[in-house]
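Here's the structure, in structure tokens; my notes come after.
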Amino acid sequence: MKKRILVTGGAGFIGSFLCESLINDGHYVICCDNFYTGSEENLKNIYNHKNFELLRHDITFPLYVEVDQIYNFACPASPIHYQNDPVQTIKTCVHGAINMLGLAKRTKARIMQASTSEIYGDPEIHPQNESYKGAVSIEGPRACYDEGKRCAETIFWDYRRQHKLDIRVIRIFNTFGPRMQPNDGRVVSNFILQALTNENITVYGKGQQTRSFCYIDDLVSGILKMMKKEEFSGPINLGNPSEISILDLANEIINLTGSKSKIIYNDLPIDDPQMRCPDISLANKVLGWSPRFDRKGGLKKTIKYFDSLLKKGLIS
Ligand code: UDP
């Protein structure tokens, strides 16, 4: 049945793919974004679609719309962006969650919170499953995001208990693909752009820290399955458990691009997690979901995307 669906952060990397999928499934989508990190360019495939509506709005302020479902995806997610204005980041997480839950309460909409692997902090168990409580710095530079997202989860559970809201909580691990922002400082976009322009590849620390990268199409399919699932609120990990060290990732991207780049070593940022890998057995069991794209396949598509931006002169 056709639904009216609000996607906050809908002009962002993940949000825009989500809006597109929902429109392709025949729904009416209201995309809300303050364009701090999102862009209209991300929406060009659906901008003029009759089932698409764009609102410039910051979710730290209340929003009054009539909807059947809400995907709360608004928040800068890359460390350089969320650390640029930490107070606004925590307001987006906390005030934003309260405002969107208030909207869900009034409209009786099912609401999904885009939580994150960052709520596990610098984890002591490996891989991370949903029952792990995390090791998060309270006052460090990542805390505005990590603790903000933890608090948002808490508020979601409280609204469920107290007001019987129909919530969904997903924990998104590192995700990559076309439409990542070229300047967001994330490892995949940095390394690909450095490799394509034969600049030095900037590995932070010794590059022994690990991450597990999920291709965007896989993530979106997991998100949609979770929203459709009845009688299950989560939390649930969504990510690709194929783990790689950052140094190995640098070499993989050099090989895939045939680049002449050299690897250089810069300081490791404060509180940079040493390892991260999702245990996705719950998603597999409850949703029948697991990623289909391997990292190399996803990287090839992402390299092609950044290469075309460079060739069109859209980034320098
Ligand atoms: N990283 C790196 N070089 C870069 C950008 C990032 O070595 O140019 C490292 C970073 O220190 C971290 C990992 O890559 O250990 C992933 O960083 P990203 O910002 O992409 O994601 P997050 O730390 O939030 O997982």
Side-chain angles (χ1 to χ4, degrees), residues 9 12-14 37 73 75-84 86 89 92-93 114-123 126-128 134-137 140-150 171-216 219 237-254 257 259 261-278 295 298-299 302-303 306 315:
F13 163 49
I14 297 174
T37 56
F73 277 60
C75 191
S78 85
I80 57 165
H81 286 143
Y82 72 65
Q83 290 172 18
N84 186 42
T89 299
T92 303
C93 292
S115 191
T116 163
S117 56
E118 287 282 328
I119 64 115
Y120 300 124
D122 192 3
H126 200 65
Q128 295 80 53
V136 177
S137 162
R142 296 177 88 104
C144 58
Y145 185 74
D146 300 7
E147 295 286 26
K149 287 283 189 180
R150 286 170 70 94
R171 294 178 178 158
I172 301 173
F173 282 65
N174 294 65
T175 301
F176 72 102
R179 289 190 204 154
M180 291 185 90
Q181 273 188 281
N183 62 347
D184 73 356
R186 306 215 75 157
V187 69
V188 172
S189 43
N190 271 10
F191 285 3
I192 291 179
L193 282 171
Q194 288 162 345
L196 288 173
T197 53
N198 294 311
E199 300 283 334
N200 290 334
I201 305 255
T202 54
V203 167
Y204 300 160
K206 294 195 176 101
Q208 297 308 310
Q209 69 273 34
T210 67
R211 293 293 186 273
S212 310
F213 297 96
C214 183
Y215 189 63
I216 181 70
L219 181 78
N237 288 340
L238 292 178
N240 188 322
S242 158
E243 186 181 5
I244 186 171
S245 77
I246 295 304
L247 184 57
D248 287 347
L249 178 73
N251 283 313
E252 192 165 277
I253 290 175
I254 289 173
T257 50
S259 172
S261 294
K262 300 265 171 302
I263 292 175
I264 59 164
Y265 295 88
N266 291 351
D267 290 345
L268 191 66
I270 298 166
D271 290 339
D272 199 280
Q274 273 310 296
M275 53 190 180
R276 185 182 291 151
C277 179
R295 190 182 48 251
L299 282 174
T302 314
I303 289 165
F306 280 117
I315 41 175

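Because the structure is predicted, anything quoted here is derived from the model rather than measured. When a ligand or atom number is given, it counts from 1 through the structure's own listing order.
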(request) Select one of side chain, backbone, both or neither to describe which atoms of P273 lie under 4.0 Å from any atom of ligand 1, heavy atoms only. (result) neither
(message) Please check whether Q194 reaches ligand 1 - meaning an N/O of the residue sits under 3.5 Å from an N/O of the ligand, judged on distance alone.
(response) no
(request) Check ligand 1 against N190 and write out every atom of the ligand that is under 4.0 Å from a heavy-atom position of the residue. (result) 4 (C), 5 (C), 8 (O)
(request) List in chain and number order the residues that pass ring-ring contact (aromatic ring centres under 6.0 Å, His included) with F13, two or more places apart in sequence or in another chain; answer none if no residue qualifies. (result) none
(request) Among all protein heavy atoms, pick the one closest to atom 15 (O) of ligand 1 and tell me residue, atom and distance. (result) D272 OD1, 2.5 Å
(request) State if S78 counts as touching ligand 1 under the rule of any non-hydrogen atom under 4.0 Å. (result) no
(message) Considering Q208, R186, R211 one by one, which has a heavy atom nearer to atom 24 (O) of ligand 1 than any of the others?
(response) R186
(message) If we count only N and O atoms by modelled type, under 3.5 Å, do the side chains of D184 and T37 hold a donor and an acceptor together?
(response) no
(message) Considering non-hydrogen atoms of the protein only, which is the closest contact for atom 20 (O) of ligand 1, and what is the distance?
(response) V187 N, 2.8 Å
(message) Take a 6.0 Å sphere around CG of N266 and say whether it holds more than 12 heavy atoms from other residues, nucleotides or ligands.
(response) yes
(message) Do Q83 and H81 pair up side chain to side chain, a donor and an acceptor below 3.5 Å, judged on atom types alone?
(response) no
(message) Is R142 close enough to touch ligand 1? Criterion: a residue heavy atom under 4.0 Å from a ligand atom.
(response) yes
(message) Do S212 and N240 pair up side chain to side chain, a donor and an acceptor below 3.5 Å, judged on atom types alone?
(response) no
(message) If we ignore hydrogens and angles and just use 3.5 Å, is the side chain of K149 paired with the main-chain N or O of A114 as donor and acceptor?
(response) yes
(request) May I ask you to identify the nearest protein heavy atom to atom 7 (O) of ligand 1, giving residue, atom name and distance to one decimal place in Å? (result) Y204 N, 2.8 Å
(request) State the atoms of ligand 1, each with its element, that fall below the 4.0 Å cut-off from a heavy-atom position in E118. (result) 24 (O)
(message) In the structure I gave you, are the side-chain heavy atoms of C93 and R150 within less than 4.5 Å of one another anywhere?
(response) no
(message) Whether R142 and E118 form a salt bridge (side-chain N of Lys/Arg under 4.0 Å from carboxylate O of Asp/Glu) is what I want to check.
(response) yes
(message) If you compare all heavy atoms of T89 against all heavy atoms of Y82, which two are closest, and at what distance to 0.1 Å?
(response) OG1-O, 2.8 Å
(request) Give the residue, atom name and distance (to 0.1 Å) of the protein heavy atom nearest atom 3 (N) of ligand 1. (result) T202 O, 2.6 Å
(message) At less than 4.0 angstrom from any non-hydrogen atom of Q209, what atoms of ligand 1 do you find?
(response) 9 (C), 11 (O), 15 (O)
(request) Can you sort out which atoms of ligand 1 are near G185, meaning under 4.0 Å from one of its heavy atoms? (result) 5 (C)
(request) Just need the protein heavy atom nearest to atom 13 (C) of ligand 1, so name the residue and atom and give the distance. (result) I246 CD1, 3.7 Å
(request) Could you tell me which atoms of ligand 1, counted from 1 in the order shown, lie closer than 4.0 angstrom to a heavy atom of N174? (result) 21 (O), 22 (P), 25 (O)
(request) May I ask you to list the atoms of ligand 1 that are less than 4.0 angstrom from any heavy atom of V203? (result) 7 (O)
(request) Using ring-ring contact (aromatic ring centres under 6.0 Å, His included) as the criterion, list what pairs up with F306, not counting sequence neighbours. (result) none
